[in-house]
Amino acid sequence: MSQNVVVLGAGMVGICCAIELRRRGHTVTLLDRNAPARETSWGNAGVLAGGSIQPEASPDIWRRLPHLLLNRGTDVHLHYRHLPRMTPFLRRFLANTRQPVYTRNAGAICALLDHAVSTHVALANEAGVSHLVKRRGWLKLYRSASALARSADDEQLLAEHGVEFTRLDPAAIAELEPALSPIFAGGRWITGAATVSNPGALGTAYAELFRGMGGRLETAEVRALRRVGDTWQVETHRGRFSAARVIVALGAWTPALLAPLGYRLPVVPERGYHQHYRPPAVPLNRPIHDIECGFVLAPMEMGYRLTTGVEWARLGAPPTPLQLARTLPRAREAVPIGEPVGDTWLGNRPQTPDTLPVIGEVPGQPDLWLATGHGHLGLSLGPITGILLAGVVSGESSDVDLSPYAPSRFR
Ligand SMILES: Cc1cc2nc3c(=O)[nH]c(=O)nc-3n(C[C@H](O)[C@H](O)[C@H](O)COP(=O)(O)OP(=O)(O)OC[C@H]3O[C@@H](n4cnc5c(N)ncnc54)[C@H](O)[C@@H]3O)c2cc1C
């Protein structure tokens, strides 16, 4: 039965939910305080990450924990003042590093990631922007032979889940990417992954597709959510929006809206930065992930986008782009990128302690649905999340078991 639905948040996840709900005949309003895809969905590394099935909460984290907590590396930067607020999250995060839990979580990520490329290719075609999606895979590279050897478990996980990859030695890396300096001991080419040359433009095109399907886009700052009778009321700075159903897809800003309803969603911002640089004389053919130095370098329409690992800090705290400063010399060792172009950007990955997204109805709150918590994979998983969420809201059955992503796991 078609319904009047309001989707809160026009990031990649909310836009895709809105499209798929509209496709199923619902009357859909998509609400955001900004233009579509201007927050985290704008500045990411653009990888449709088939192959990134290893949960962040991995058994290996214990070996790296002292290094991480002392802010010694480039992959994590912790604001120490934020540590007391992070502690409950970290406790749950560490509980998910146990091998059986990690293996189960990897399977649940894989069940979604399997659809990342095909769903984006279909949507990008429909939106008339297929040129933004390139199907050349991406490279995961190791500088030291010891780190490469330690990644054998990751390789086994990829093989177990049928992820396509090619093992690379230094000669194969040089043949594939002549732009790279010969500093890598080896790595893997995740051949089935795709990349987006302008994630913001992709999100904008999807939002236009939604509008073209008869969807309504509104700009408003959401302030509160309450249930009155059998209707949900969304309070905004521009007045009230009422709907039979509400989908909350506010990324890292989701928990604050739900807390007054008595539902504590353990989603934290894992902040990340980017900066664009002028291209090198010899171009890269695909993004590279330098695993030990904790950065991704991705050729984009606006320059070479250097993206950082995780910063654990308060949502809205002033930017501290230390990781960019630390990784730039390491990135230049790999590829001779030129001068910076434009400003430094900061985004907020909405991360859950089990590194699985939250897709489903809020316990005890009928007709209030969540599509959030996509962490490092929200660009990749937007379209499949939209399909699954719109399907379950519309009473369709699904081939994908949705229980691993249920909001009720956090009660
Ligand atoms: C450095 C970096 C690199 C990344 N690389 C990749 C990658 O290569 N591949 C990948 O798959 N993922 C990547 N990610 C992760 C990905 O970008 C996120 O998971 C994804 O963008 C989350 O999408 P979202 O729609 O949930 O949230 P967002 O894009 O953050 O959207 C949330 C929306 O809610 C709106 N909003 C918030 N509060 C309010 C309010 N009160 N009222 C109205 N509107 C509100 C915001 O304006 C925003 O538009 C990366 C992230 C970072 C930071």
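Counting starts at 1 for both ligands and their atoms, in listed order.
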_Charged N-O contact under 4.0 Å between Glu221 and Arg238_ = no
*Under 4.0 angstrom from ligand 1, any heavy atom of Gly46?*
yes
*For Trp253, the ligand 1 atoms whose distance to one of its heavy atoms is below 4.0 Å*: 30 (O), 37 (C), 38 (N)
_As an exercise, state the distance from CG of Leu202 to NE2 of His120, rounded to the nearest 0.5 Å._
6.0 Å
*Run the numbers for me: atoms of ligand 1, each under 4.0 Å from some heavy atom of Leu377, listed by number.*
10 (C), 11 (O), 12 (N)
*Test item, Met12 contacting ligand 1 (heavy atom, 4.0 angstrom)*: yes
*So, for His79 and His77, is the gap between ring centers shorter than 6.0 Å?*
yes
*Salt-bridge criterion met for Arg22 and Glu20 (N-O under 4.0 Å)*: no
*Thr355, Thr352, Asn105 screened by side chain to side chain donor-acceptor pair (under 3.5 Å) with Asn96, the one that passes*: Asn105
*asked:* Does ligand 1 come near enough to Leu379 that some N or O of the ligand is less than 3.5 Å from an N or O of the residue?
replied: yes
_Quick test: of every protein heavy atom, which one is nearest to atom 19 (O) of ligand 1, and how far off is it to 0.1 Å?_
Gly375 O, 2.7 Å
_Protein heavy atom at shortest distance from atom 33 (C) of ligand 1_ = Asp32 OD2, 3.4 Å
*asked:* Is it true that, when you exclude Arg135 itself, more than 12 heavy atoms of the residues, nucleotides or ligands shown sit nearer than 6.0 Å to its CZ?
replied: no
_Closer than 4.0 Å to some heavy atom of Asn34 - which atoms of ligand 1 meet that?_
47 (O)
_How far is atom 27 (O) of ligand 1 from the closest protein heavy atom, and which atom is that?_
Gly251 CA, 3.8 Å
_If the threshold is 4.0 Å, N to carboxylate O, is there a salt bridge linking Asp354 and Arg92?_
no
*Does Glu301 CD have over 12 foreign heavy atoms under 6.0 Å away?*
yes
_What protein heavy atom lies closest to atom 5 (N) of ligand 1? Include the residue and the distance to one decimal._
Ala45 N, 3.0 Å
*For atom 29 (O) of ligand 1, the option (of Pro350, Ser41, Gly200, Ala10) bearing the nearest heavy atom*: Ser41
*Look at atom 12 (N) of ligand 1 and say which protein heavy atom is nearest, naming residue and atom and giving the distance to 0.1 Å.*
His376 O, 2.9 Å
*Salt bridge flag under 4.0 Å for residues Arg330 and Glu292*: no
*Going by the order shown, which atoms of ligand 1 are within less than 4.0 Å of some heavy atom of Val47?*
7 (C), 8 (O), 9 (N), 10 (C), 11 (O)
*salt bridge (charged side-chain N to carboxylate O under 4.0 Å, His left out): which pairs involve residues 267-276, sequence neighbours left out?*
Arg271-Glu311
*Backbone or side chain, does any N or O of Glu39 fall under 3.5 Å from an N or O of ligand 1?*
no
*Short N/O distance, under 3.5 Å, between Arg33 and ligand 1?*
yes
*Quick one: salt bridge (charged side-chain N to carboxylate O under 4.0 Å, His left out) pairs with a partner in residues 52-72, sequence neighbours left out?*
Asp60-Arg63, Asp60-Arg64, Arg64-Asp75
*Could you establish whether Leu250 and ligand 1 come within less than 4.0 Å of each other, counting only heavy atoms on the residue side?*
yes
*Under 4.0 angstrom from ligand 1, any heavy atom of Glu221?*
yes
*asked:* Which residue and atom name correspond to the protein heavy atom nearest atom 20 (C) of ligand 1, and how close is it?
replied: Gly378 CA, 3.7 Å
*At the 4.0 Å heavy-atom cut-off, does Ala298 count as touching ligand 1?*
no
_Check: Gln365/Glu361 side-chain N/O donor and acceptor closer than 3.5 Å_ = no
*Shortest protein heavy-atom distance from atom 4 (C) of ligand 1, along with the residue and atom involved*: Asn44 CB, 3.1 Å
_Trp312 six-ring face occupied by Arg85 cation (under 6.0 Å, within 45°)_ = no
_Option nearest atom 2 (C) of ligand 1 (shortest heavy-atom distance, choices Arg349, Gln351, Gln323)_ = Arg349
*For atom 40 (C) of ligand 1, what's the nearest protein heavy atom and its distance?*
Val222 N, 3.7 Å
*May I ask you to list the atoms of ligand 1 that are less than 4.0 angstrom from any heavy atom of Val13?*
23 (O), 24 (P), 25 (O), 26 (O)
*Taking only heavy atoms of Ala220, which atoms of ligand 1 are found under 4.0 Å from at least one of them?*
42 (N), 43 (C)
*Mark up the atoms of ligand 1 that fall under 4.0 Å of a heavy atom belonging to Ser380, in ascending order.*
9 (N), 10 (C), 11 (O)
*asked:* Within 45 degrees of the ring normal and closer than 6.0 Å to the centroid, is that where the cationic atom of Arg305 sits relative to Trp42?
replied: yes
*How are the rings of His274 and His276 set relative to one another: parallel (under 30°), tilted (30 to 60°) or perpendicular (over 60°)?*
tilted
